[in-house]
2 protein chains.
Amino acid sequence: MSTAVRNDDSGLRAAPKGGSGLRKQSKADASRERVLEAAAKTFSERGYAGTTMRDIARAADLQAGSLYYHYPSKELLIEAVIDKGIHNITNAVVNTIATLPPSTSYADRVRAAIQAHLHALLTYSAFASASRHLLAQVPVEVRRKHVLRREAYEEFWLGLLQSSQAAGETRDGVDLRLARTFILGGLNSALDWYRPEGKSIEELADQFAMMVEGGILIDRPD
Amino acid sequence: MSTAVRNDDSGLRAAPKGGSGLRKQSKADASRERVLEAAAKTFSERGYAGTTMRDIARAADLQAGSLYYHYPSKELLIEAVIDKGIHNITNAVVNTIATLPPSTSYADRVRAAIQAHLHALLTYSAFASASRHLLAQVPVEVRRKHVLRREAYEEFWLGLLQSSQAAGETRDGVDLRLARTFILGGLNSALDWYRPEGKSIEELADQFAMMVEGGILIDRPD
DNA sequence: GTCTATATGGTGATAGAC
DNA sequence: GTCTATCACCATATAGAC
């Protein structure tokens with residue numbers, strides 16, 4: 001059934017600059033957070049070069065110069081956005097799988113991973129969208145680091161499918177690396193078309209899991 | 001089996017400016033073509049705003065000012081690239097399906113569509129990539145027009161799946177709109193990772209068709 | 001912390017020589 | 001057709017007042 005999960009951990013809380021590190025939310029932290037959200041939204045809509053610091057400032061209700069109090073450059077701002085985008089999804093999925101009972105079948109594990117991936121993807125969609133679409137447009141050093149993180153996440157999925165294969169739960173003849181990219185590509189495409197007014201994320205996940213399990217067409221009607 | 005197809009029609013030949021419209025390839029046409037290829041490559045790598053006319057000129061072995069002899073603005077250049085990207089794929093798939101024998105099963109039609117889509121996608125990958133990733137970053141009027149064309153192509157796929165369902169060849173309980181986005185999302189993700197040194201496009205298509213038909217996991221091992 | 005300047009450099013597009 | 005030179009504008013980032 002529907003192994004319900006909620007393992008968010010937005011991750012990456014920036015340490016307070018000055019003091020003893022005790023307060024929950026200084027004014028600076030709140031602004032910094034607002035800037036990051038505004039940046040994610042704007043970058044994801046207009047691309048890296050297409051977004052100006054003025055655009056982000058407007059979305060965060062600040063003047064452009066003020067952004068530099070929180071982030072030293074546009075480059076480090078997109079990096080923070082991309083970082084959080086990858087982090088959100090990886091954490092959600094890895095934590096979800098880690099907390100399943102050991103007896104869980106691999107079909108159910110894959111189902112739970114699909115559910116967690118989709119949930120994180122669509123809940124933090126601006127961050128996820130920036131991570132997915134903008135990596136190629138970002139300065140090289142930033143790109144290299146995050147390509148590695150993405151690959152690590154993809155390897156996690158491959159491991160899931162390989163375990164499933166070892167347990168005799170995958171179809172013969174399926175190339176698992178291709179299966180992984182096909183699954184993740186299909187899920188991630190939801191960023192481009194998902195609207196909250198329609199199906200719930202849970203319904204989506206159930207449908208996708210069903211297609212991954214048994215396919216879409218019937219093998220042959222004869 | 002592998003309904004081999006080749007129905008390219010790169011489409012969209014710009015009419016020669018001056019004359020009687022008889023010559024195959026004037027010097028201007030050749031340059032214009034080179035500019036368009038260079039633009040597709042550069043836009044797809046660096047995004048719309050991240051690409052400068054100087055970048056495109058360098059890739060086309062020209063000076064920046066010379067581009068304006070062939071295209072009147074950056075905006076119309078990206079529009080031509082996106083247009084060709086969508087056109088290539090739509091034409092390839094629609095023509096392929098149109099030339100199949102009427103007796104072809106729907107599983108085979110879907111297989112042929114997957115093959116044609118993948119072939120066009122990866123053969124003209126710079127154009128396809130620009131169409132997919134840059135539509136959001138492009139001036140509004142350009143975007144509106146091409147969103148409609150993309151939707152028309154997606155409707156074609158939905159029609160294919162609906163016919164398949166009417167013929168009793170789809171699994172019960174599958175939402176066909178979701179199936180369509182899942183399939184196209186999975187296929188399009190190949191833009192991000194396909195390398196010609198690895199599997200051939202035909203092998204990819206066969207694998208994907210297999211997953212679409214029967215799924216990736218086994219329904220239940222008990 | 002946030003503001004209002006402002007410096008410095010890069011951008012799309014045009015003009016006119018060849 | 002393609003070049004070189006240039007204009008007018010907008011970008012990131014900084015400095016210093018509040």
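The analysis underlying the following values was restricted to heavy atoms, covering all of them including side chains, and did not include hydrogens, waters or symmetry mates. Note on naming: letters A, B, ... go to the chains in the order of the sequence lines (proteins, then strands), and numbering restarts at 1 for each one.
- The pair B/Glu154-B/Arg149 does not meet the salt-bridge criterion, since no charged nitrogen lies less than 4.0 angstrom from a carboxylate oxygen.
- Taking 4.0 angstrom as the limit, B/Tyr69 places a side-chain polar atom (N or O) nearer than this to OP1 or OP2 of D/dG1.
- Position along DNA chain D of the nearest nucleotide to A/Glu75 versus B/Arg34 favours B/Arg34 as the more 5'-ward residue.
- Distance CE (A/Met53) to P (C/dT6): 21 Å, rounded to an integer number of Å.
- Each of B/Lys74 and A/Ser66 lies near DNA chain C, and the nucleotide nearest A/Ser66 is the one positioned closer to the 5' end.
- Atom pair A/Leu76:CG and D/dT12:P shows a separation of 14 Å (rounding to whole Å applied).
- The shortest heavy-atom contact between A/Val174 and A/Ala179 is CG1-CB, 3.9 Å.
- Distances shorter than 4.0 Å separate none of the side-chain N or O atoms of B/Lys27 from OP1 or OP2 on D/dG1.
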Set out, in order, the CA-CA distance, both residues' side-chain angles and the distance that settles side chain to side chain contact (heavy atoms under 4.5 Å, CB included) for A/Arg32 and A/Tyr69, then state yes or no. CA-CA 9 Å; A/Arg32 197 183 145 93; A/Tyr69 178 81; over 6 Å; no
Apply side chain to side chain contact (heavy atoms under 4.5 Å, CB included) to residues A/Leu121 and A/Tyr194 and explain how you reach the verdict. CA-CA 10 Å; A/Leu121 187 84; A/Tyr194 180 71; over 6 Å; no
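- Candidate nucleotides D/dG1, C/dC3, D/dT2 were compared by shortest atom distance to the side chain of B/Ala28, and D/dG1 ranks first.
- A donor-acceptor contact under 3.5 Å is not formed by the side chain of B/Arg54 with the base of C/dG10.
- Distance, B/Tyr71 OH to C/dG12 C1': 18 Å, rounded to whole Å.
- Rounded to a whole Å, the CZ atom of A/Arg32 is 13 Å from the P atom of C/dT2.
- Here C/dT14 presents its P atom at 13 Å from CG of B/Leu67, a figure rounded to the nearest Å.
- If you measure from atom OH of A/Tyr68 to atom P of C/dA5, you get 18 Å, rounded to the nearest angstrom.
- Nucleotide C/dT4 holds its C1' atom 14 Å from the CG atom of A/Leu62, rounded to whole Å.
- Within the 4.0 Å cut-off from OP1 or OP2 of C/dT2, not a single side-chain nitrogen or oxygen of A/Gln63 is found.
- By the 6.0 Å and 45° rule, A/Lys74 stacks over the aromatic ring of A/Tyr48.
- Atom CD1 in B/Ile56 sits about 8 Å away from atom P in C/dG12, given to the nearest Å.
- Taking side-chain N and O atoms only, B/Ser31 has a distance below 4.0 Å to OP1 or OP2 of D/dT2.
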